[in-house]
A.B. asks: 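Have a look at the structure that comes next, please.
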There are 2 protein chains.
Amino acid sequence: MDCVVFGLDDEGLKVLLIQRGLAPFEGKWALPGGFVRVNETLDEAARRELEEETGLRKVFLEQLYTFGAVDRDPRERVVSVAYYALVNLSEHHVHAATDARDAAWFGVHDAPTLAFDHADILQMALERLRGKLRYQPIGFELLPKKFTLSQLQHLYELVLERELDKRNFRRRILEADVIEETENYRTGQVGPRAMLYRYRPDAVAEVT
Amino acid sequence: MDCVVFGLDDEGLKVLLIQRGLAPFEGKWALPGGFVRVNETLDEAARRELEEETGLRKVFLEQLYTFGAVDRDPRERVVSVAYYALVNLSEHHVHAATDARDAAWFGVHDAPTLAFDHADILQMALERLRGKLRYQPIGFELLPKKFTLSQLQHLYELVLERELDKRNFRRRILEADVIEETENYRTGQVGPRAMLYRYRPDAVAEVT
DNA sequence: CCAAAAGTGTTCTCCATACACCCATGC
DNA sequence: GCATGGGTGTATGGAGAACACTTTTGG
């Protein structure tokens, strides 16, 4: 099981990578992953791995694809069920390494050469994320609990890799009825105060 | 590995099922499936299984999802990568059983109680097929090489489970530029002759 | 001759897009 | 006072949905 963990900071969209301490690919960066235990489901394994690596429990997590090329692991035949996750880097300070291994966040387009077929997995995860974003509101998981519409739009632009029109974006998101106003404003920046919004957890049912 | 094989005949949309000869679920119907060999990819395993069961080689085949509930197989822990396939029942006469086991085609909504979690797998395959059909032309694989627009529309209506407007359907499909006229007509039925169309294999690139 | 199916255009609505200005705040 | 970013409305074009009649052919 391997997991593509996406996070967002002020530099952009990031992915969590682990530097391997053992052969094969010793010293190379790889996606966090591990073996599914005999008494846990695939989802549970992914969630456990994610918690071990980031300390986070409640995150968006979804199965991506299962990779089964014969030689993807040079040691022996290993099939990997890949997941992808969206985590909130801004509030919890994610300790990116629980164990001795080095772990770090890389820009999704600045990742080093990855071990195994993990570049393919990362690529597919990015495409899936883009695809989902197009037709259903997702990705609030990457933002703080309260966020401005500009932050949300910025996230969309990062993932879709194109600029969006501010007025159209705001109208579409608000009409979709998946976020609601809070009574707070973001302040401190130059410029007017920005209304903070919150994801409506009960809205999931309406969308799907 | 398990495989949901869809076929189309004049009764409707069918799925291929195998009656199990061995415990567990002896005598129950199940999806065709088998174990992935150590020197074949997942796709190859699915294709091999499909050929063993139906004798067909060139079919649409796509990975669906990986099922990993702990108790899905009562004997021991088994994770299954599910695929779905679209085959053409009308031209090749598919021998639905290569080996001793009973095999038969069932209407997708008339299937008996299935072994393991295969009902879930079938359900998800149906939803995936519906989802794909909505936004990209697919499903020609279920029809004869040459087909009329009415046949194609009938297929869409079966999968989507709703009626479609004839004029809108024809316009959309023709504008999508994925099928082309042949020089033949279907005749023999009551009523005027119907132009036969063919799928444009080179059109795949344009769509995806 | 009648039932069945093929083929064909236009209108309307709605959604997506394009586009520009004013105002509040921090420095 | 100025740079930064928040917030707002309208006009246009394109896609999808609704809708009915004529013609051909087999029985």
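It should be emphasised that the depicted structure is a prediction, and the values quoted were computed from it without experimental measurement. All chains are named by letter (A, B, ...) in the order of the sequence lines, taking the proteins before the strands, and each is independently numbered beginning at 1.
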A.B. asks: First locate atom OH of B:Tyr197, then atom CZ of B:Phe140, and finally report the distance between them rounded to the nearest 0.5 Å.
C.D. replies: 12.5 Å

A.B. asks: Side chain of B:Val190: nearest nucleotide among C:dT25, C:dG7, C:dA3?
C.D. replies: C:dA3

A.B. asks: Taking only side-chain N and O atoms of A:Arg193, does any of them lie within less than 4.0 angstrom of OP1 or OP2 on C:dT25?
C.D. replies: yes

A.B. asks: Please tell me which of A:Arg186 and A:Asn168 maps to the more 5' nucleotide of DNA chain D, matching each residue to the nucleotide holding its nearest heavy atom.
C.D. replies: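 Looking at the nearest nucleotide for each, A:Arg186 comes out on the 5' side.
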
A.B. asks: If the plane angle is over 60° it's perpendicular, under 30° parallel, otherwise tilted; pick one for B:His118 and B:Phe116.
C.D. replies: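 Tilted: the ring planes of B:His118 and B:Phe116 meet at 30° to 60°.
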
A.B. asks: Let me confirm one number: the CG-CH2 distance from B:Asp102 to B:Trp29, rounded to the nearest 0.5 Å.
C.D. replies: 5.5 Å

A.B. asks: Does D:dT4 have OP1 or OP2 under 4.0 Å away from a side-chain N or O of A:Ser150?
C.D. replies: no

A.B. asks: Does D:dT25 have OP1 or OP2 under 4.0 Å away from a side-chain N or O of B:Thr187?
C.D. replies: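 So the side-chain polar atoms of B:Thr187 never come under 4.0 Å of the phosphate oxygens OP1 or OP2 of D:dT25.
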
A.B. asks: Check each of A:Gln153, A:Gln189, A:Arg186 against A:Thr148 using the side chain to side chain contact (heavy atoms under 4.5 Å, CB included) test, and report the only one that passes.
C.D. replies: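 Between A:Thr148 and the candidates, side chain to side chain contact (heavy atoms under 4.5 Å, CB included) is satisfied uniquely by A:Arg186.
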
A.B. asks: Please report, rounded to the nearest Å, how far the P atom of D:dC2 is from the CD atom of A:Gln189.
C.D. replies: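 Going from CD in A:Gln189 over to P in D:dC2 covers 23 Å.
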
A.B. asks: For B:Tyr185 and D:dT23, give me the distance from atom OH to atom P, rounded to whole Å.
C.D. replies: 18 Å

A.B. asks: Please give, in whole Å, the distance from D:dG14 C1' to B:Glu175 CD?
C.D. replies: 11 Å

A.B. asks: Tell me whether the OP1 or OP2 atom of C:dG9 has a side-chain N or O from B:Arg171 closer than 4.0 Å.
C.D. replies: no

A.B. asks: Report the residue (B:Gly191 or B:Asp165) whose heavy-atom-nearest nucleotide on DNA chain C is the more 5′ of the two.
C.D. replies: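 Its nearest nucleotide being more 5', the pick is B:Gly191.
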
A.B. asks: Nearest-Å distance, CD1 (A:Ile173) to P (D:dT8)?
C.D. replies: 15 Å

A.B. asks: Rounding to a whole Å, what distance do you find between B:Phe169:CZ and D:dA15:C1'?
C.D. replies: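 Spelled out: CZ on B:Phe169 to C1' on D:dA15 is 17 Å.
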
A.B. asks: A:Tyr197 has an atom OH; how far is it from atom P of D:dG6, in whole Å?
C.D. replies: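 Nearest whole value for this atom pair: 12 Å.
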
A.B. asks: Nearest-Å distance, CD (B:Glu157) to C1' (C:dA5)?
C.D. replies: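 Rounded to whole Å, this separation is 13 Å.
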
A.B. asks: Base, sugar-phosphate, or nothing: which does B:Arg172 touch, judged by heavy atoms less than 4.0 Å apart?
C.D. replies: sugar-phosphate

A.B. asks: Would you indicate, yes or no, if C:dA18 has its OP1 or OP2 atom less than 4.0 angstrom from a side-chain nitrogen or oxygen of A:Arg167?
C.D. replies: no

A.B. asks: Look at atom CG of A:Asn168 and say whether more than 12 heavy atoms of other residues, nucleotides or ligands are closer to it than 6.0 Å.
C.D. replies: yes

A.B. asks: How many Å lie between OH on A:Tyr135 and C1' on C:dC15, as a whole number?
C.D. replies: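 Answer to the nearest Å: 19 Å.
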
